[in-house]
Colleague: 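One structure, pasted below without further comment.
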Amino acid sequence: MLGKSEVHVRQIVSRAKQRMERDEPRFRPVRQEADRLAERFVAACRAGDVRSVEQMLTEDVELLSDSGGKVPAARAVITGRDRAARFLAGVFSKKFRDFEMHATTVNGAPGVVFTRGGAVIDVASLRIEDGEVRAVYMTNNPDKLSRWSVAEID
C-alpha cells in the first residue's frame, strides 16, 4: 500500500515513536556542521569512494530524482545505504566529474548546484539528521532548473 518494505515501514514507525516521546524539537544540524558534511559527502561521491559515502548515510537513506521524464534519472526511489552509496558514487564520479559544483542552500537545506558552461545541469539537496544524510533530492528536470541562475548561487 505504501510502496515500502515491511522493514522500512517498521523503521519509520520506530523513528516516529522516538520523536514523539521526546519533548524537544526535531534535531536541526548547526549550519556549519551540515555544510561541512555536505562538502565531504559531495567530495566522496565525486571521487567514487563508495565506502566513505556509505559512512555518511543513514541505514534507510532515500534518494529521489526528478527529471520530469525529460532527461535520464533514477526512475524509482533508491533506498538503503549500500544501493544509494553505489548509485551516488557512480553517478557523481562519472556524470558530474566535468561539471562545476557550487555549494549553496536548496530549500533551506545544504545542497549543491552543478553547472557546465554557465548552465545549471542538476541541483541536489541533502536532508541531514543526527549528523548523517537521511535523504538526497536530485533535480535535473529542465523545466524546474530554468528557475536557477548561476549568478544567484550563494
Side-chain angles (χ1 to χ4, degrees), residues 1-68 72-97 99-115 120-141 144-145 147-148 152-154:
M1 177 186 255
L2 298 175
K4 299 188 184 300
S5 71
E6 183 178 334
V7 172
H8 191 186
V9 171
R10 272 195 232 120
Q11 180 64 42
I12 292 169
V13 170
S14 174
R15 282 186 175 170
K17 284 180 182 178
Q18 289 172 0
R19 286 192 183 115
M20 291 177 70
E21 289 172 0
R22 287 186 247 156
D23 189 25
E24 58 188 49
R26 269 184 88 177
F27 174 77
R28 290 271 190 220
V30 175
R31 183 77 198 156
Q32 292 173 336
E33 291 175 15
D35 288 345
R36 281 194 297 273
L37 175 61
E39 288 173 15
R40 287 191 347 261
F41 176 78
V42 170
C45 288
R46 196 169 203 181
D49 186 349
V50 175
R51 175 168 276 171
S52 292
V53 174
E54 282 180 334
Q55 293 173 350
M56 291 182 249
L57 302 174
T58 62
E59 187 173 325
D60 58 346
V61 65
E62 293 183 322
L63 184 140
L64 298 90
S65 295
D66 177 4
S67 69
R75 293 177 190 240
V77 176
I78 297 172
T79 57
R81 181 180 286 149
D82 179 60
R83 290 182 66 217
R86 285 186 285 119
F87 177 85
L88 288 164
V91 168
F92 274 64
S93 67
K94 293 176 183 136
K95 179 181 176 186
F96 296 134
R97 78 171 164 250
F99 291 19
E100 292 180 43
M101 296 188 311
H102 309 271
T104 190
T105 301
V106 179
N107 296 326
V112 62
V113 175
F114 298 91
T115 62
V120 175
I121 305 299
D122 207 307
V123 175
S125 67
L126 307 176
R127 187 169 83 207
I128 297 175
E129 293 179 5
D130 299 325
E132 294 180 304
V133 176
R134 169 68 184 91
V136 180
Y137 306 99
M138 299 183 76
T139 302
N140 59 355
N141 181 336
K144 293 181 180 179
L145 294 177
R147 300 176 192 141
W148 283 85
E152 296 172 4
I153 299 171
D154 294 338

Colleague: Looking at CZ of R46 and CZ of F114, how far apart are the two atoms once the value is rounded to the nearest 0.5 Å?
Modeller: 7.0 Å

Colleague: I need the single residue from I121, L145, T104 that forms a side chain to side chain contact (heavy atoms under 4.5 Å, CB included) with V113. Which is it?
Modeller: T104

Colleague: I'd like to know if the side chain of R81 reaches the main chain of L57, judged simply by a donor and an acceptor atom lying under 3.5 Å from each other, with no hydrogens or angles considered.
Modeller: yes

Colleague: Measuring from L64:CG to I78:CD1, what's the distance to the nearest 0.5 Å?
Modeller: 9.0 Å

Colleague: At what distance, to the nearest 0.5 angstrom, does CG of D35 lie from CZ of R40?
Modeller: 12.0 Å

Colleague: Restricting to side-chain contact (heavy atoms from CB on, under 4.5 Å), what partner residues turn up for V42, sequence neighbours left out?
Modeller: F92, M101, V112

Colleague: Is it true that a side-chain atom of R75 and a backbone atom of S65 form a donor plus acceptor pair closer than 3.5 Å?
Modeller: no

Colleague: Kindly say whether G108 contributes a backbone atom to a donor-acceptor pair with the side chain of T105 at under 3.5 angstrom?
Modeller: no

Colleague: To the nearest 0.5 Å, what is the distance between CG (D49) and CE (M56)?
Modeller: 7.5 Å

Colleague: If you measure from CD on E132 to OG1 on T58, what distance do you get to the nearest 0.5 Å?
Modeller: 6.0 Å

Colleague: For V106 and G111, work out which heavy atoms get closest and say how close.
Modeller: CG2-CA, 4.0 Å

Colleague: Grab the two heavy atoms, one from R15 and one from E129, that are nearest each other, plus how far apart they are.
Modeller: NH1-OE1, 4.3 Å

Colleague: Is the closest side-chain heavy-atom distance between L88 and M138 below 4.5 Å?
Modeller: yes

Colleague: With a 4.5 Å cut-off on side-chain heavy atoms, are V53 and F41 touching?
Modeller: yes

Colleague: Of all heavy-atom pairs between V61 and A84, which one has the smallest distance, and what is that distance?
Modeller: CG1-CB, 3.6 Å

Colleague: In Å and rounded to the nearest 0.5 Å, what is the CD to NE2 distance from E59 to H8?
Modeller: 10.0 Å

Colleague: Is any side-chain heavy atom of N107 closer than 4.5 Å to a side-chain heavy atom of Y137?
Modeller: no

Colleague: Taking all heavy atoms of P110 and all of I128, pick out the closest pair and write down the distance.
Modeller: CG-CD1, 3.9 Å

Colleague: Compare every heavy atom of L37 with every heavy atom of G131, then report the nearest pair and how far apart it is.
Modeller: O-CD2, 3.5 Å

